[in-house]
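FYI, side chains are in, hydrogens and waters are out, and symmetry mates aren't considered; it's all heavy atoms of this structure. Remember, it's 1-based here, ligands and their atoms both numbered in the order they're listed. Every value quoted in this text rests on a predicted model; they were computed, and no experiment measured them.
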Amino acid sequence: MPASKDQYGRSIDYLRISVTDRCNLRCVYCMGEDGVADKLRHDEILSYDEIERFARRAVRFGIRRIRLTGGEPLVRRDLADLVAALKRIGQIEDISLTTNGILLPKFAAELKASGLDRVNISLDTLDKEAYRRLTRLGELSRALAAIDTALEYHFDPVKVNMVVMRSYQQDLFGFARLSIERPLHIRFIEYMPVGLSSGYQNQGWRDDEVIDSAEVIATISATGEASGLGPLLPLAGGDSFLPAGGGPARYWRFAGAAGTVGVISPLSNHFCGRCNRLRLTAEGRLRPCLFSDVELDARAALRLGDDSAIDAVIADALEIKPKEHGRLQSTRRLMSQIGG
Ligand code: SAM
Ligand code: SF4
């Protein structure tokens with residue numbers, strides 16, 4: 001069955017599944033220093049069986065790609081078992097993972113064996129002290145080791161996601177240069193107003209922290225030229241250097257580079273018209289839009305044990321998926337609760 005279209009004609013073939021609200025880091029833009037205040041109880045979280053059942057119904061609506069996220073998905077026990085179960089659903093063409101990488105070296109072998117296709121690693125700075133300040137708990141060397149591991153195990157493509165914030169004075173060019181020697185796809189993400197109540201260092205989201213993607217690309221390109229590396233060259237659709245994934249990123253590369261540089265610009269360049277996704281939270285709420293708190297209770301449907309109830313929830317989510325989000329729309333939930 002082809003991907004279902006929503007009422008605005010968008011093909012929805014991508015499902016992000018948050019497997020936990022817990023995390024081993026406390027990134028300043030994502031949660032408060034004490035983590036998520038109201039942690040979900042074990043029985044509130046969807047079991048792997050329930051997630052698999054949901055995914056089996058979702059493929060009937062055209063879902064073909066799944067991303068596992070969190071919280072930190074690798075803190076949930078036996079994640080590879082879930083990957084293997086999802087892989088057994090024949091119609092799923094691609095299973096990916098978004099992780100902070102801290103536990104990736106430990107689990108990479110079993111994830112690869114269970115059929116995980118690719119990983120995105122979140123890393124916001126290459127400075128040891130700044131990494132500690134940003135994540136409050138993390139060690140930079142472990143995140144860097146995760147990148148090495150991802151390449152070693154041939155997850156393909158390997159993307160590195162960096163949230164750009166003005167006051168952190170991140171070395172944008174230093175990051176972009178990671179794409180030269182190795183086939184890494186370095187993506188700069190605009191800081192988003194999600195979970196306003198406990199976002200940036202518990203003071204809430206701040207507009208003046210956002211750096212538009214256009215400025216990011218201009219800065220990197222100018223530094224590339226000044227350093228003799230040359231400017232960033234835009235990649236058009238269909239270019240063989242574009243990494244797989246089909247998401248909202250736009251890409252460039254340095255001449256001769258093994259990887260690419262990309263941006264994800266939810267604020268400065270709305271991609272709602274091309275949005276292809278639904279999100280399932282750890283406690284089984286189906287969320288049609290990242291920036292809207294409207295959610296549907298998939299868990300209740302799953303626990304009724306009635307496939308038609310699950311189908312109705314998915315159909316409703318497609319029906320009510322909004323056309324677009326506003327510039328400063330915030331959310332009640334934290335990013336760690338939604339899964340990014
Ligand atoms: N723990 C995993 C990780 O960090 O990759 C997966 C979950 S995390 C919520 C998913 C992504 O959301 C990460 O790349 C993170 O940097 C991003 N993120 C979290 N809060 C954000 C915010 N306020 N604006 C932009 N991106 C954010
Ligand atoms: Fe954890 Fe990821 Fe949020 Fe950082 S961004 S606190 S690693 S869930």
Side-chain angles (χ1 to χ4, degrees), residues 16-37 39 67-76 79 96-104 107 118-125 131-140 142-143 146-147 150 158-166 168 170 175 185-207 209-213 216 245 247-249 262-268 277 279-282 287 290-291 325 328-331 333-340:
R16 295 179 68 103
I17 301 176
S18 172
V19 298
T20 179
D21 58 336
R22 310 205 174 194
C23 189
N24 46 2
L25 299 183
R26 301 278 182 273
C27 302
V28 292
Y29 51 71
C30 182
M31 55 170 79
E33 58 196 320
D34 299 325
V36 177
K39 288 200 188 65
R67 174 169 297 280
L68 301 176
T69 175
E72 173 48 42
L74 293 179
V75 303
R76 182 151 175 190
L79 190 71
S96 56
L97 173 75
T98 293
T99 174
N100 59 35
I102 300 295
L103 293 172
L104 189 62
F107 294 119
R118 56 201 184 86
V119 296
N120 288 6
I121 296 169
S122 303
L123 173 62
D124 305 309
T125 171
Y131 184 80
R132 170 55 67 119
R133 274 203 314 280
L134 248 149
T135 62
R136 295 196 181 98
L137 296 174
E139 266 179 55
L140 177 65
R142 296 188 66 176
I147 297 177
V158 177
K159 297 177 183 169
V160 177
N161 289 340
M162 177 211 217
V163 177
V164 184
M165 291 178 67
R166 197 170 291 281
Y168 270 82
Q170 293 140 308
F175 253 93
H185 303 278
I186 311 297
R187 306 183 328 153
F188 299 89
I189 303 177
E190 284 174 354
Y191 172 42
M192 298 179 227
V194 172
L196 277 197
S197 56
S198 54
Y200 181 46
Q201 300 199 330
N202 302 346
Q203 292 164 25
W205 184 79
R206 290 176 43 174
D207 192 32
E209 282 290 345
V210 177
I211 303 186
D212 281 11
S213 297
V216 170
V263 295
I264 300 178
S265 327
L267 302 190
S268 67
R277 60 200 60 192
R279 294 175 163 83
L280 186 65
T281 69
R287 195 171 169 107
L290 172 61
F291 289 98
H325 63 75
L328 286 179
Q329 220 166 315
S330 67
T331 62
R333 281 190 190 261
L334 305 180
M335 195 69 114
S336 58
Q337 294 173 305
I338 306 168

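Close approach of ligand 2 to Gly71 (heavy-atom distance below 4.0 Å) involves ligand atoms 8 (S). Close contacts of ligand 1 with Thr69, meaning ligand atoms under 4.0 Å from a residue heavy atom, involve 6 (C), 7 (C). Atoms of ligand 1 found under 4.0 Å from any heavy atom of Val163 (numbered from 1 in listed order, with element): 16 (O), 25 (C), 26 (N), 27 (C). The Asn100 neighbourhood of ligand 1 comprises atoms 2 (C), 3 (C), 5 (O), with distances under 4.0 Å to a heavy atom of that residue.
Contact between Arg118 and Lys159 at its shortest, heavy atoms only, is NH1-NZ, 3.5 Å. Considering all non-hydrogen atoms of both residues, Pro73 and Leu79 come closest at O-CD2, 3.9 Å. Among all heavy-atom pairs drawn from Gly101 and Ala146, the shortest one is O-CB, 3.2 Å. Across every non-hydrogen atom of Leu123 and Ile147, the tightest pair is CD2-CD1, 3.9 Å. Scanning all heavy atoms of the two residues, the minimum distance from Asp21 to Ala282 falls at N-CB, 4.1 Å. Scanning all heavy atoms of the two residues, the minimum distance from Val75 to Thr20 falls at CG2-CG2, 4.0 Å.
Scanning all protein heavy atoms for the shortest distance to atom 23 (N) of ligand 1 gives Met192 O, 3.0 Å. The nearest protein atom to atom 27 (C) of ligand 1, hydrogens excluded, is given as Met335 CE, 3.4 Å; this is a heavy-atom distance. Closest to atom 8 (S) of ligand 1, if we only count protein heavy atoms, is Gly70 O, 4.4 Å. Distance from atom 7 (S) of ligand 2 to its nearest protein heavy atom, with residue and atom name: Asn100 ND2, 3.3 Å. For atom 14 (O) of ligand 1, the nearest non-hydrogen atom of the protein is Ser122 OG, 2.8 Å.
Counting only distance, with no hydrogens or angles, the side chain of Arg26 and the backbone of Thr135 share no donor-acceptor pair below 3.5 Å. Between the side chain of Glu72 and the backbone N or O of Asn100 there is at least one donor-acceptor pair closer than 3.5 Å. Side-chain N or O atoms of Arg132 include one that pairs as donor or acceptor with a backbone N or O of Gly138 at under 3.5 Å. Panel note: side chain Gln170, backbone Val163; a donor-acceptor pair is recorded below 3.5 Å.
Between Val164 and Val263 the shortest side-chain heavy-atom distance does not fall below 4.5 Å. Ile211 has its side chain out of reach of Phe188: every pair of non-hydrogen atoms, C-beta onward, lies at least 4.5 Å apart.
For atom 4 (Fe) of ligand 2, the choice among Cys27, Ser122, Ala143 with the nearest heavy atom turns out to be Cys27.
Polar contact check, Tyr29 against ligand 1: a nitrogen or oxygen pair lies under 3.5 Å apart. Checked by distance only, ligand 1 and Pro73 stay at 3.5 Å or farther apart across all their nitrogen or oxygen atoms. Distances between N or O atoms of Tyr191 and those of ligand 1 include no value under 3.5 Å. For the pair Gly71 and ligand 1, the shortest N or O to N or O distance falls below 3.5 Å.
Of the heavy atoms in Ile121, none comes closer than 4.0 Å to ligand 1. With a 4.0 Å cut-off on non-hydrogen atoms, Cys23 touches ligand 2 through its side chain and not its backbone. With a 4.0 Å cut-off on non-hydrogen atoms, Thr98 touches ligand 1 through its backbone as well as its side chain.
For atom 3 (Fe) of ligand 2, the set of nearby N, O or S atoms under 2.8 Å includes one belonging to Cys30.
By the 4.0 Å heavy-atom criterion, Gly70 is excluded from the residues contacting ligand 2. Taking 4.0 Å as the cut-off, Glu190 counts as a neighbour of ligand 1 on heavy-atom distance.
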